[in-house]
Amino acid sequence: MRIDIVTIFPEFFRVLDVSLLGRARTAGLLDVRAHDLRDHAHDRHRTVDDTPYGGGAGMVMKPEPWGEALDGILDEAEGAGETVPTLIVPSPAGEPFTQAIAAELAQLDHLVFACGRYEGIDQRVVDHYEERMPVRLLSLGDYVLNGGEVAAMAMIEAVGRLVPGVVGNPESLVEESHEDGLLEYPSYTKPQVWRGLEVPDVLRSGNHGAVAAWRHEQRIERTRRVRPDLLGDDDA
Ligand SMILES: CN1CCCC[C@@H]1Cn1ccc2ccc(-c3n[nH]c(N)c3C#N)cc21
């Protein structure tokens, strides 16, 4: 999978050079490229924002630098005969980002993240590119961030780890929280007793059926307690 990120803070994504996603990049499973939006602003101050039409506080990101940056990525993809990438725009006004959407995006060949700042990106950027490529406005959650970078990072990690081959043991992706609508079961490791707290006996029983049943019951109980909204009416 190729992932392009357009941002005024490309250095923010250097963290993607480490850990699991860093190894995936080295292995060629993920091709992540961060682009500096200011490289596409050609005035002396490399200006990417301006005052909002209609007045109001704050500044809005100008459409021209976005057009030049996104055209460059699209033109390269089209020139290489690749499938048209999907544009992901992190936004508090977007559709809630979920594990199901992460799994859907992990099937695609090429994602482009447009990370806004200030009060957001001129609406005509989304309107224009909806004519050229699939566009998804996605929200990380119901709270306000200062820009799209943190959301893009979270989405890239959630999607990247689902790309085949990135996670060494695909089994570890099964029964994760939200993977099948339930929260994950509690995990334990040695020592058997820590500060007077013991590992549940069933986990040391060697009875795999009993362990599986206990873990499933723990998932349902934890989901019912913490996230009853995830359960159907007859399970809540
Ligand atoms: C604060 N400032 C004025 C109010 C509107 C937002 C703006 C800041 N801002 C600019 C671009 C941008 C993109 C995403 C997000 C964002 N916030 N919360 C989420 N779940 C997000 C996502 N995903 C915030 C952004």
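Computed from a predicted structure; not experimentally measured.
Arg124 and Glu130 are not joined by a salt bridge, as no carboxylate oxygen comes within less than 4.0 angstrom of a charged side-chain nitrogen. Salt-bridge check for Arg222 with Glu217: failed, with every basic side-chain N at 4.0 Å or more from each acidic carboxylate O. Between Lys62 and Asp49, no side-chain nitrogen of the basic residue sits less than 4.0 Å from a carboxylate oxygen of the acidic one, so the salt-bridge criterion is not met. Note on Asp75 versus Arg132: salt bridge recorded, some NZ/NE/NH1/NH2 to OD/OE distance being below 4.0 Å. At a threshold of 4.0 Å, the pair Glu184-Arg219 does not count as salt-bridged, since none of the basic side-chain nitrogens sits closer than that to a carboxylate oxygen. Here Arg161 does not pair with Glu157 in a salt bridge; the nearest charged N to carboxylate O distance is not below 4.0 Å.
For the residue pair Asp71/Tyr129, the side-chain donor-acceptor check at 3.5 Å is satisfied. Checked by atom type, the side-chain pair His42/Glu68 shows a donor-acceptor distance below 3.5 Å. A donor-acceptor contact closer than 3.5 angstrom links the side chains of His110 and Asp4.
A heavy-atom distance below 4.5 Å is found between the side chains of Gln99 and Leu162. The side-chain heavy atoms of Ile101 and Arg136, taken from C-beta on, include a pair separated by under 4.5 Å. The side-chain heavy atoms of Trp214 and Leu203, taken from C-beta on, include a pair separated by under 4.5 Å. The side-chain heavy atoms of Leu74 and Pro85, taken from C-beta on, include a pair separated by under 4.5 Å.
Although no hydrogens or angles enter the test, the distance criterion places no donor-acceptor pair under 3.5 Å between the side chain of Arg227 and the main chain of Leu183. Between the side chain of Arg38 and the backbone N or O of Arg46, at least one donor-acceptor pair lies under 3.5 Å. Asp180 places a side-chain N or O within 3.5 Å of a backbone atom of Leu182 that can act as its donor or acceptor partner. Thr47 contributes no side-chain N or O that, together with a main-chain N or O of Asp43, makes up a donor-acceptor pair within less than 3.5 Å.
Trp194 and Val202 fall into different hydrophobic clusters, where Ile, Leu, Val, Met, Phe, Trp and Tyr are joined by side-chain heavy atoms under 4.5 Å apart, directly or via other members. A continuous path of hydrophobic side-chain contacts links Val166 to Val18 [ILVMFWY only; heavy atoms under 4.5 Å].
Asp142 CG: 12 or fewer foreign heavy atoms inside a 6.0 Å radius. Within 6.0 Å of CZ on Arg14 lie no more than 12 heavy atoms contributed by other residues, nucleotides or ligands.
Between Arg224 atom CZ and Leu230 atom CG the span is 12.5 Å, to the nearest 0.5 Å.
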